[in-house]
2 protein chains.
Amino acid sequence: MTVWDRPEPPTRPLPLDRERIVVAAIALADEAGLAAMSLRKVAARLEVGPMRLYGYISTKEELFDLVVDEVHAEILPEEQPGDWREALRAYARRTRQAALRHEWLADLLGGRPTMGPNALAVTEATLAPLDGLTDLDTALRAVETVSAYLTGAIRREIANLRAERATGLSKRDWQRAFGPYLRRMLATGRFPALTKAVYDGTEVDAEASFETGLDWVLDAVAAKLARPPA
Amino acid sequence: MTVWDRPEPPTRPLPLDRERIVVAAIALADEAGLAAMSLRKVAARLEVGPMRLYGYISTKEELFDLVVDEVHAEILPEEQPGDWREALRAYARRTRQAALRHEWLADLLGGRPTMGPNALAVTEATLAPLDGLTDLDTALRAVETVSAYLTGAIRREIANLRAERATGLSKRDWQRAFGPYLRRMLATGRFPALTKAVYDGTEVDAEASFETGLDWVLDAVAAKLARPPA
DNA sequence: CTCATGCCGATACACTGTATTTTGTTGTGA
DNA sequence: TCACAACAAAATACAGTGTATCGGCATGAG
């Protein structure tokens with residue numbers, strides 16, 4: 001009898017912890033979308049009964065909060081720039097990148113207040129460089145405005161991406177060929193400006209559009225920093 | 001045997017149509033949240049079997065699209081201002097008001113491209129006043145940027161509102177007393193700027209905050225209209 | 001050795017969206 | 001008037017969900 005014959009020790013399931021749960025949940029969602037992140041599937045991936053999870057999580061919403069915070073670890077810059085504009089821009093870009101890696105993030109963004117440690121660190125990193133440049137309320141407003149833009153822009157981008165994927169067409173083609181429906185709509189003549197936009201608008205890629213909008217918002221912030229409110 | 005004895009004709013159920021379905025769905029969601037808008041409950045409210053709905057919609061996502069578009073009818077201004085700034089502001093305010101009336105809208109905003117007739121009309125109303133003031137791409141970017149801000153700001157506002165409601169505390173108290181957790185977090189000293197914000201920030205109400213951010217974004221748009229991109 | 005305690009898997013419940021099957025009704029041709 | 005076909009609607013079925021509850025088992029205390 002060699003070691004090879006010896007039965008494997010019954011591979012004690014790794015002791016469960018939040019971290020392992022969160023990692024499994026993210027993996028599932030990355031592979032098959034947020035809908036695939038069911039407690040049962042997460043548990044199955046950890047080779048554990050579904051109810052085991054309730055020792056670490058008290059509700060599914062809590063799991064959502066945890067995975068969102070986990071992704072914020074990717075968003076946090078390894079070393080933060082001292083310049084407020086670069087800090088906000090990095091925050092925006094890194095969030096967008098994270099959403100492109102984890103599309104399900106778009107479904108969750110802005111859905112609940114995020115108070116996890118990583119999210120707090122991200123807020124700190126964006127807020128700190130504004131310190132001293134203006135009053136606190138203006139600084140807060142700046143971060144919130146950028147963050148609101150972010151949420152909306154990312155959600156739209158991912159929504160469009162999914163729609164394109166579903167039809168298999170390029171965005172432009174998709175707009176042009178949205179069945180007879182859109183054409184009929186535009187043909188009614190009720191939407192002249194829109195019609196021009198659809199037919200004459202140049203196709204811009206999502207990233208450029210994101211960056212442009214972001215620049216606008218950052219310019220707006222800059223203007224307010226220059227002359228804080230009376 | 002008089003007419004009075006005669007049994008009532010069996011009250012033919014009103015012939016179903018999309019409109020009735022959408023109205024029922026919205027009512028349900030208004031009363032008990034988006035989760036209450038299940039196909040079975042909608043059908044029950046119409047005194048009809050669940051499968052009947054599939055004669056009018058082919059999937060639940062489609063129902064979501066329909067209810068979102070229906071709400072856009074409330075967003076569309078009865079008479080649109082010719083001034084682009086007022087048009088965009090009206091769009092923003094009316095969307096926010098709609099979301100306060102129908103909180104579930106926050107869950108759906110930005111989740112899918114909205115191409116319904118009412119949504120198209122809203123886009124037209126916001127786009128038209130920009131016509132001639134700048135090139136088409138800039139106009140589109142303006143509308144999209146405002147819309148992105150809107151989505152994000154509304155989602156955050158509703159999320160905070162729900163959180164406050166859940167704890168029964170005012171926002172300020174909630175921040176201050178977020179269990180031992182937040183205090184402990186801040187006490188670590190890792191988040192100095194955040195700590196100042198939480199403790200020294202004046203409480204601003206949601207509407208004012210929304211308006212301020214909106215003004216910033218509109219200012220940014222105005223700046224771009226003044227000198228269109230090279 | 002006995003008993004109590006706490007953990008963990010299995011089971012159970014009330015729901016969900018949707019596919020499929022069964023039933024009923026109504027119009028039609030003979 | 002009857003038989004049948006076509007279609008609309010209801011009922012049933014299925015695979016899944018989040019979560020409450022129950023039962024057994026293993027481990028530690030007395």
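Sequence lines set the chain letters: A, B, ... in the order given, protein chains first and strands last, and positions in each chain run from 1. All values derive from a computational prediction rather than experimental measurement.
Atom CD of A/E61 is separated from atom C1' of D/dG18 by 11 Å (rounded to the nearest Å). In this entry the distance linking CD of A/E62 with C1' of D/dT19 reads 14 Å, nearest Å. In this structure, the CG atom of A/L34 is 13 Å from the C1' atom of D/dT17, given to the nearest Å. Between B/L39 atom CG and D/dG16 atom P there is a gap of 19 Å when expressed in whole angstrom units. Regarding B/L53, its CG atom lies at a distance of 14 Å from the C1' atom of C/dT16, rounded to whole Å. Counting to the nearest Å, the C1' atom of C/dT16 and the CE atom of B/M37 are 13 Å from each other. Residue A/Y54 contributes atom OH, which lies 15 Å from atom C1' of C/dA10 at whole-angstrom precision. Protein atom CZ of B/F64 is 12 Å distant from nucleotide atom C1' of C/dT16, rounded to whole Å.
Using modelled atom types, one finds a donor on one side chain and an acceptor on the other under 3.5 Å when comparing B/D137 with A/T202. Side chains of B/T151 and A/R155: no donor on one and acceptor on the other come within 3.5 Å.
Across D/dA9, D/dT12, C/dA10, the shortest atom-to-atom separation from the side chain of B/M51 is found for D/dT12. In this structure, of D/dA10, C/dT16, D/dT17, it is D/dT17 that holds the atom nearest to the side chain of A/K41. Among C/dC8, D/dT17, C/dT18, the nucleotide with an atom closest to any side-chain atom of A/R52 is C/dC8.
No N or O donor and acceptor, one from the side chain of A/R40 and one from the base of D/dG16, sit under 3.5 Å apart.
For the OP1/OP2 pair of C/dT18 and a distance below 4.0 Å, the side-chain nitrogens and oxygens of B/T59 include at least one atom meeting the criterion.
With respect to the salt-bridge test (charged N to carboxylate O, under 4.0 angstrom), the residues B/R96 and B/E211 do not qualify. For A/R165 and A/E103, the salt-bridge test passes: some basic side-chain N is under 4.0 Å from an acidic carboxylate O.
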